[in-house]
Amino acid sequence: NVGDERAANIPRYVRVNSCLTTVDEAVKHFASRGFSVGDPLSSKKAYAKDEHVPNLLLFSPSISFQDDPFYQSGKIILQDKASCFPALVLSPLAADESLVIDATAAPGNKTSHLSALMQNKGKLFAFEKDRKRFTTLKMMVAKAGCTNVRPINSDFLTVDPLDLQFAQVTHILLDPSCSGSGIVNRLDHLLEKEDEDDSSEDERLEKLAAFQLVMIKHAMRFPKVNRIVYSTCSVHAIENEGVIKNALNSDECRDGRFRLAPQNEVLPSWPRRGQLNVLDSPGDACSLVRCSPGEDATNGFFVSCFVKAAETSVSKR
Ligand code: SAM
């Protein structure tokens, strides 16, 4: 099974949850369990620090951590490396006045990551329209000690961008439903699986892409938003570069109101960038991040970041 082979090259990623602990404390805990620094793909007792994502540790793919007290108490979160990219690229401020939306939040891995990057300051509105998944989100946020998160059981598309609660929001994370075609391994993603419909694959992808575009355009209507990260765990260009191209050509982007953040703000050292053939310019392709399942030691993933044209120098990564 090709999927299994690719999964075997993906380490078990552990994100240390800085809302509840520190990397030093986690490393001491793992040392007490007999782990030491080394190559996690060669030894079951080795771990390494990730080179792109702060607070992320790599272990052998065969280790589960489900019974680990740090997992059970929310101090560590099992989250694929690529799925840590969106919050990192959104780069919200850790400040009391910070206002951020996670538009499609359950089960809440990226919500808790954003909360940690905000150092539990400001407010993070976490929308989830599905009631059952919303229950999971609330549990996850509480377990992870994210005190700045306000979970809201609503459809993001019904939120009025001019509502006084949200009108000052500056950062929005959009990780909407997608085909999930990039996922080759387990656990953190099993939770993300959503209901499938029974249309053909092409029809399904077209419907998803249309929905994803509507979500981006809605996010662009928030009057103070200056940074929007759109991500998927899909490998299909129609849900990735195709959606970006349509968003850039939409009325919401008219007169260059939003553009893609340049490569130096979007994981500049990550080598795999967007697929040029779908886009209008090589610069746009360089602005985008792709992860190829297995090949990049991650699941398949896509990350993009829109910035309001006049404010590109304000918030940088
Ligand atoms: N960001 C999540 C994480 O990292 O844990 C995963 C999000 S999952 C890919 C997409 C979620 O968006 C699903 O839980 C789905 O129910 C929710 N969703 C889809 N459309 C929505 C909408 N219009 N408003 C709010 N939530 C929505």
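All ligand and atom numbering here is 1-based and tracks the order in the structure. Positions are given from 1, in the same order as the sequence printed here. The structure presented is a predicted model; accordingly, all values stated were derived computationally and were not measured.
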Given that the side chain starts at C-beta and the backbone is N, CA, C, O, which of these parts of S83 lies under 4.0 Å from ligand 1, counting heavy atoms, or is it both or neither?
-> neither
Within 45° cone and under 6.0 Å: K45 NZ/CZ vs F30 ring | no
Sidechain N-carboxylate O distance under 4.0 Å for K110, D102 = no
Salt bridge check: are R257 and E252 linked by an N-O gap of less than 4.0 Å?
-> no
Under 4.0 Å from any heavy atom of D155, which atoms of ligand 1 are there?
-> 22 (C), 23 (N), 24 (N)
Shortest reach to atom 11 (C) of ligand 1 by a heavy atom, considering only K132, E128, M140 = E128
Check whether any side-chain N or O of S287 sits under 3.5 Å from a backbone N or O of G283 as a donor-acceptor pair, and report yes or no.
-> yes
Give the C-alpha distance, both sets of side-chain angles, the deciding distance and a yes or no for side chain to side chain contact (heavy atoms under 4.5 Å, CB included) between M215 and Q212.
-> CA-CA 5 Å; M215 294 289 272; Q212 291 152 351; 5.7 Å; no
Of all the heavy atoms in S154, does at least one lie under 4.0 Å from an atom in ligand 1?
-> yes
Counting from 1 in the order shown, the ligand 1 atoms closer than 4.0 Å to a non-hydrogen atom of G108 are 3 (C), 5 (O)
Is it true that E97 and K121 have a side-chain N and a carboxylate O under 4.0 angstrom from each other?
-> no
Audit row: F59, F35, ring pair (Phe, Tyr, Trp, His ring centres under 6.0 Å) steps and yes/no | CA-CA 9 Å; F59 290 85; F35 291 97; 5.1 Å; yes
Could you grab the distance from atom CG of N299 to atom NZ of K81, nearest 0.5 Å is fine?
-> 12.5 Å
Considering distance alone, does some N or O of D130 sit under 3.5 Å from an N or O of ligand 1?
-> no
Check P176 against ligand 1 and report side chain, backbone, both or neither, counting heavy atoms closer than 4.0 Å.
-> backbone
If we number the atoms of ligand 1 from 1 as shown, the ones under 4.0 Å from a heavy atom of D175 are 1 (N), 2 (C), 4 (O), 6 (C), 7 (C), 8 (S), 9 (C), 10 (C)
Take the angle between the ring planes of F127 and F166 and call it parallel below 30°, perpendicular above 60°, tilted in between.
-> perpendicular
If you measure from each non-hydrogen atom of K129 to ligand 1, which part falls under 4.0 Å: side chain, backbone, both or neither?
-> both
Which atoms from ligand 1 have a heavy atom of F156 less than 4.0 Å away?
-> 22 (C), 23 (N), 24 (N), 25 (C)
Against heavy atoms of R133, which atoms of ligand 1 measure under 4.0 Å?
-> 8 (S), 13 (C), 14 (O), 16 (O)
Is any side-chain N of the basic residue among E201 and R204 closer than 4.0 Å to the acidic one's carboxylate O?
-> yes
Can you sort out which atoms of ligand 1 are near S177, meaning under 4.0 Å from one of its heavy atoms?
-> 10 (C), 15 (C), 19 (C)
Mind checking whether A105 contacts ligand 1 via backbone (N, CA, C, O), side chain (CB onward), both or neither, at a 4.0 Å heavy-atom cut-off?
-> backbone
Residue-ligand contact M215/ligand 1, heavy atom below 4.0 Å = yes
Answer yes or no for A103: is there a heavy-atom contact with ligand 1 below 4.0 Å?
-> yes
